[in-house]
Amino acid sequence: VADLLIVGTGLMGTSVALAVRDERDVVLRDATPDRVSAAVARGAGRAWDGRERCSHVLLATPPAVLAAELLRLQRDGVGRTYGHLCSVQAGVQAEVEAVGADAASLCGSHPLAGSERSGPEAASAELFAGRPWVLCPSALTGGPALAAAGDLAAACGAEVVRLTAEQHDETVALVSHLPQVAASAVAARLLMHPAASGLAGPGLRDTTRVAASDPALWTDVLALNAAQVGPLVQLLADDLAELARALRVLAGAGARPSAAARGVVTDLLARGRSGRSLVPVKRGEHDRDFVRLAVRVPDRPGQLAGLLVSAAQAGINVEDVRVEHLPGRPTGVIELLVQRGGRDPLARALQGDGWDVVPTTL
Ligand SMILES: NC(=O)c1ccc[n+]([C@@H]2O[C@H](COP(=O)([O-])OP(=O)(O)OC[C@H]3O[C@@H](n4cnc5c(N)ncnc54)[C@H](O)[C@@H]3O)[C@@H](O)[C@H]2O)c1
């Protein structure tokens with residue numbers, strides 16, 4: 001009997017396997033055999049022979065195939081308990097019950113960690129470290145399934161949170177599914193004028209990062225959570241329609257700027273700024289707690305490492321790093337985010353070590 005069978009050795013499944021492989025005997029299965037080979041090659045576990053019994057089975061497949069896959073595994077008596085990681089919970093719970101699978105041995109959960117990349121190559125043992133991992137037991141979930149799901153999340157280094165499926169779906173609609181829609185809608189506009197993207201800066205990269213996600217997987221997610229996401233998309237569309245009306249007024253206003261129209265624009269930007277201040281940078285900390293220090297560096301290997309060594313020698317903790325390559329230029333800019341009191345000492349220390357600190361950030 002293996003400790004853990006992972007079905008679906010993509011980004012998520014392989015990351016879980018890599019995180020627990022030292023403590024657990026992990027076996028792996030995927031509908032695409034190459035994906036199992038890739039996960040095995042990364043040391044995630046061994047290939048499942050299709051017969052071995054397992055204490056716990058984690059379904060890390062796309063949500064659309066989950067209920068059918070669960071039913072098949074349960075009929076074969078493969079696992080004692082089952083879990084899944086779907087980004088949407090209530091719809092999956094309903095489907096599991098509709099196909100007649102045993103809901104008592106299943107506990108749904110959702111790690112709030114991930115990437116716009118997919119597949120075992122993108123997996124990482126560290127993906128879940130310090131991240132929230134929401135357990136969503138249904139009314140039918142039994143104690144052993146809940147305990148097994150919680151143990152696995154904790155073994156991956158995540159912080160375990162418990163919500164109902166409905167609370168979960170409402171929350172992720174706002175913090176994950178709406179941002180995906182907004183990023184995709186902005187990125188889709190770039191197709192109007194592909195050459196313009198050559199001038200893109202970090203703002204465009206940051207706002208469109210998740211637009212690189214897999215459309216098929218996200219279609220499943222949005223369809224499963226349509227009842228929660230739809231009204232939020234409508235509210236966003238209302239905000240944008242009002243903004244578009246105000247901008248039309250401003251475009252035609254000429255020398256008579258309309259205070260009301262400007263007010264609409266400022267209101268959206270100000271509400272956006274307030275909302276952004278709620279977004280954690282690290283858990284419990286916010287962007288406003290950090291200040292930036294920009295350093296110009298030659299665009300060649302080793303610069304970032306050298307900079308971090310200088311910062312460490314100055315005894316200053318770097319909270320985050322952003323690297324800006326300037327296309328066609330031999331230099332780039334590295335931005336270091338540090339605690340407010342740390343910037344001036346860091347700037348002095350870096351200048352002392354010969355780094356080209358950008359003066360406007362001093
Ligand atoms: N990617 C994220 O950021 C993220 C975050 C949280 C939760 N999730 C959830 O995790 C799950 C997996 O997502 P992922 O990002 O790892 O996707 P992925 O595409 O990297 O991996 C999914 C794997 O499932 C396999 N698969 C498909 N149908 C199968 C079947 N019938 N039997 C066995 N294997 C099958 C695919 O071949 C693929 O290897 C999804 O339910 C998703 O909602 C993803």
Side-chain angles (χ1 to χ4, degrees), residues 10-12 15 62-64 85-89 91 110-119 121-124 127-128 131-132 134 168-244 247 265 267-283 286-288 320-325 327 335 337:
L11 169 72
M12 289 304 199
S15 294
L85 307 170
C86 286
S87 319
V88 181
Q89 296 286 321
H110 178 205
L112 288 154
S115 160
E116 64 285 3
R117 298 172 61 210
S118 64
E121 299 77 14
S124 154
L127 190 65
F128 311 106
R131 301 293 309 156
V134 187
H168 167 272
D169 291 354
E170 204 181 315
T171 308
V172 293
L174 183 61
V175 303
S176 165
H177 304 170
L178 188 66
Q180 175 67 49
V181 169
S184 297
V186 171
R189 280 290 129 223
L190 298 174
L191 299 176
M192 286 190 328
H193 190 1
S197 311
L199 295 179
L204 184 68
R205 270 203 300 279
D206 290 350
T207 44
T208 60
R209 183 178 61 80
V210 297
S213 303
D214 178 9
L217 193 65
W218 270 95
T219 302
D220 284 351
V221 170
L222 296 178
L224 273 167
N225 209 22
Q228 303 288 350
V229 186
L232 291 176
V233 172
Q234 187 58 58
L235 289 171
L236 178 65
D238 294 347
D239 272 345
L240 294 179
E242 199 187 350
L243 181 68
L247 291 174
V265 177
D267 175 62
L268 182 65
L269 296 171
R271 282 190 289 130
R273 190 179 198 178
S274 303
R276 165 67 197 181
S277 73
L278 301 173
V279 178
V281 172
K282 270 181 169 182
R283 277 177 67 63
H286 294 80
D287 235 4
R288 60 172 178 266
D320 203 353
V321 176
R322 291 177 195 159
V323 181
E324 175 74 1
H325 298 281
E335 276 190 346
L337 269 78

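On a predicted model such as this, the values are computed, not experimentally measured, just so you know. All residue numbers refer to positions in the sequence shown, counting from 1.
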Mind listing the closest non-hydrogen atom pair of [X] and [Y] along with its distance?
X    : Y    : result
R117 : E121 : NH2-O, 4.4 Å
L174 : P179 : O-CD, 3.3 Å
A200 : L204 : CB-CD2, 3.4 Å
A122 : S118 : CB-O, 3.8 Å
A173 : V229 : CB-CG2, 4.0 Å
A182 : L236 : CB-CD2, 4.3 Å

Next on the checklist: Under the side chain to side chain donor-acceptor pair (under 3.5 Å) definition, can you give me all pairs with a residue in residues 219-229, not counting sequence neighbours?
Outcome noted: H177-N225
To the nearest 0.5 Å, tell me how far [X] [atom1] sits from [Y] [atom2].
X    : Y    : atom1 : atom2 : answer
D238 : L243 : CG    : CG    : 12.5 Å
H110 : C86  : NE2   : SG    : 9.0 Å
L112 : H168 : CG    : NE2   : 6.0 Å
S87  : L217 : OG    : CG    : 6.5 Å
L247 : E242 : CG    : CD    : 11.0 Å

Item to check | Those residues that, when tested against D214, pass salt bridge (charged side-chain N to carboxylate O under 4.0 Å, His left out) (two or more places apart) | outcome: none
Main-chain N/O of [Y] paired to [X] side chain as donor or acceptor, under 3.5 Å:
X    : Y    : result
S15  : S124 : yes
D169 : V88  : no
S277 : S274 : yes

Item to check | Side-chain H-bond candidate by donor/acceptor type, S176 with Q180, under 3.5 Å | outcome: no
Checklist outcome for this item: The complete set of salt bridge (charged side-chain N to carboxylate O under 4.0 Å, His left out) pairs with one or both residues in residues 188-211, sequence neighbours excluded, reads E116-R209, R205-E324
Item to check | Side-chain touch V210/S184, heavy atoms, less than 4.5 angstrom | outcome: no
Next on the checklist: Does R271, at its CZ atom, have more than 12 non-hydrogen atoms belonging to other residues, nucleotides or ligands within less than 6.0 Å?
Outcome noted: yes
